[in-house]
Every structure is written in structure tokens, then in C-alpha cells.
Amino acid sequence: MIVTIDGPAGSGKSSTAAAVAGRLGFRHLDSGAFYRALTWAVLAAGIPTEHWHSLTTAQLDALNVRGEPAGSGYRLFAADQDITGLIRSVEVNANVSPVAALPAVRVWLLDRLRSAALGVDLVTDGRDMGTVVFPGAEQKFYLVADAAVRARRRLLERGEAAHDPERLQSEIGRIEARDRIDSTRAVAPLRRPADAIDLDTTNLTFDQQVGVIVAHVMEWRRVHG
Ligand code: DC
């Protein structure tokens, strides 16, 4: 069974997907982590920004970025280096949206994300998991939340002062900029899957949003066996 959770930056998809997977005994595939790993590798290889649009499949292959199943999720590798702990840096944050907008990158990752689903029950989160990568997923969710709430969550996640109005305002700006790039790019933009269940998490606690999704999936399983 495949469960997809899509939504904008900071809507709580990845942590929610991880907790839902844990509760259901499914594997968790955080697709954003794959885009981040590739971005880290492109930056580490020193490929200049002006060459990104002409990146070839062979160049992407050479970065040797891959996810290896570990625990209930995946660890991300570039060649022999485990980069799981390095992909949420400010530098990767600033560059991941343009890298994820490259058609060659999306094509390259499509097969890899799909093969991760073979033979396992999966909860996966991202921007296009329900629309492009797994259009036939059994259950799809679309998470939204106010930009201010998402910005506050991001600051807290990084251990920064979420009550400082200036920091909050600049984080809202960054989140809205990412939303704009992710939803206006030509290939696989962030879009609500037509058959998704909507979940506005602005006023929900983490446990509540996890609980709502788990309840939907359990009900689906009860009905479909
Ligand atoms: O969810 P996140 O912040 O880790 O995602 C990082 C970036 O990757 C984000 O800018 C959008 C992109 N992304 C994407 O384009 N498609 C996905 N399925 C997942 C992430």
C-alpha cells in the first residue's frame, strides 16, 4: 500500500509521514531528502550554478547519490559518504528549489523513488508524490498551514527564537519564496492531487495530524482488506 503526503514547505509533511509510518509499521520515504542529497552533491562537486541547467544523466549518475533502507526510513549517501546529517544546512536550503526545478533531476529521481516502493508498504512525502510519482497511490493527503505557522515551526525545529518578529518575518519570506518556486516550476509543480484528502494543520497539534491520517488509512484498510 502507498500513502502519499504532499504539501508546501514547513507544512509538517516529513515529520508527520515518519510518525504515520511508525504507527502503521510502513517504511517512510522522504522524497525531499533525495532532492536535498542531490543538491548537496552538486554543491560539493563544485558544479557552477550556470551549468546546472545543462546537467546530464551521466553527470548525475557520477555523483552516486542514493538512499539505502535503514530502520523505518532511508539514509542518504553520496559515493561512500553518509550525508543524512548534512542535507538540512542553510546552503542546501538555499539551493534545493532551483535544483529540484531541473527537468533532468526530476527524471533522474523518478525511477529511483518508484523503485523504493517495490515490495513494501510506504508512506511518502513531497510535492508531487500523489500527482506524478505515485498517481495510483491508495491514499493521498494534501497538507496545508498558514505561512506564519510554518515559519514558526521551521524556526523552532532549528532551535531559533520563533518569537523574534524580525526573524519570523524573514523566515515567512523564505517560505513564501520556496512555495513560489515549487508551485510555478514547469515540471511537476506543487499541486493538490485531485483525489487527495485535505488536511489544514494550522490549528492541529502534531499528534492530532498524525492521528487523523492514521485513522483514514486504517479505515481504508478495513474497507479494502
Ligand atoms: O520537503 P523539503 O523541504 O525537504 O523539500 C526540499 C525541496 O525539494 C523543496 O524545495 C521542493 C523539492 N521537492 C520536490 O520538488 N519534489 C518532491 N517530491 C519533494 C521535494
Side-chain angles (χ1 to χ4, degrees), residues 2-21 28-43 49 52 55 60 65 67 73-76 83-117 122-135 137 140-145 147 149-158 171-193 196 199 201 209:
I2 298 179
V3 176
T4 64
I5 304 179
D6 289 304
S11 57
K13 303 176 303 288
S14 292
S15 43
T16 303
V20 168
H28 172 219
L29 176 72
D30 169 1
S31 64
F34 283 68
Y35 286 96
R36 288 170 175 278
L38 206 54
T39 303
W40 183 92
V42 165
L43 295 170
T49 321
W52 289 359
L55 276 171
L60 294 172
V65 169
Y74 294 82
R75 293 200 74 81
L76 277 307
I83 59 168
T84 315
L86 305 176
I87 60 176
R88 299 189 191 273
S89 66
V90 173
E91 212 196 348
V92 171
N93 275 347
N95 289 284
V96 65
S97 284
V99 169
L102 300 169
V105 163
R106 303 207 73 86
V107 170
W108 191 85
L109 269 179
L110 189 59
D111 283 347
R112 285 163 176 82
L113 294 172
R114 283 186 180 153
S115 35
L122 199 72
V123 180
T124 181
D125 69 279
R127 304 294 188 287
D128 62 340
M129 304 314 282
T131 51
V132 175
V133 184
F134 299 114
K140 301 178 184 178
F141 296 88
Y142 193 67
L143 255 57
V144 292
V149 168
R150 293 187 281 136
R152 192 171 299 115
R153 287 179 187 160
R154 276 278 143 111
L155 289 175
L156 289 173
E157 223 171 73
R158 295 204 298 264
E171 190 60 28
I172 291 174
R174 276 194 290 272
I175 285 225
E176 287 178 339
R178 296 239 330 253
D179 285 354
R180 248 189 321 277
I181 300 180
D182 292 343
S183 53
T184 57
R185 67 180 175 219
V187 188
L190 169 65
R191 250 190 313 111
R192 176 189 178 280
L199 195 55
T201 70
Q209 67 200 41

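In listed order, ligands and their atoms are each counted from 1. Computed from a prediction, not measured in an experiment: that's the story for all the values here.
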The protein heavy atom nearest to atom 8 (O) of ligand 1 is Y35 CB, 3.6 Å
For R174, the salt bridge (Lys or Arg N to Asp or Glu O under 4.0 Å) test, sequence neighbours excluded, returns E171
| said: I want to know if ligand 1 touches R185 in the polar sense, i.e. an N/O pair below 3.5 angstrom. | reply: yes
If you scan protein heavy atoms around atom 3 (O) of ligand 1, the nearest is R178 NH2, 2.7 Å
Between R106 and V132, does the side chain to side chain contact (heavy atoms under 4.5 Å, CB included) criterion hold? Intermediate values first, please. CA-CA 10 Å; R106 303 207 73 86; V132 175; over 6 Å; no
among protein heavy atoms, the one nearest atom 10 (O) of ligand 1 is S97 OG, 2.7 Å
Taking only non-hydrogen atoms of M129 and a 4.0 Å limit, the atoms of ligand 1 in range are 18 (N)
Nearest non-hydrogen protein atom to atom 1 (O) of ligand 1, with distance, is R127 NH1, 3.0 Å
query: Below 4.5 Å, heavy atoms only, C-beta onward: do R127 and K13 meet side chain to side chain?
result: yes
- Can a donor-acceptor pair be found between the side chains of S15 and R153 at a distance below 3.5 Å? no
Among D128, V133, I181, closest by heavy atom to atom 18 (N) of ligand 1 is D128
>> Contact between P8 and L190 at the side-chain level, heavy atoms closer than 4.5 Å - yes or no?
In response: yes
Pair D128-R185, salt bridge (Lys or Arg N to Asp or Glu O under 4.0 Å): steps then yes or no = CA-CA 12 Å; D128 62 340; R185 67 180 175 219; 5.1 Å; no
Original post:
In this structure, are over 12 heavy atoms from other groups packed under 6.0 Å from R191 atom CZ?
Top reply: no
Is the closest side-chain heavy-atom distance between V144 and S11 below 4.5 Å? no
Ranked by distance from atom 7 (C) of ligand 1, the top protein heavy atom is V96 CG2, 3.5 Å
closest protein heavy atom to atom 12 (C) of ligand 1 is A100 CB, 3.7 Å
Closest to atom 16 (N) of ligand 1 (heavy atoms only, candidates R154, R36, R106, K13) is R106
Closest to atom 19 (C) of ligand 1 among protein heavy atoms sits S31 OG, 3.2 Å
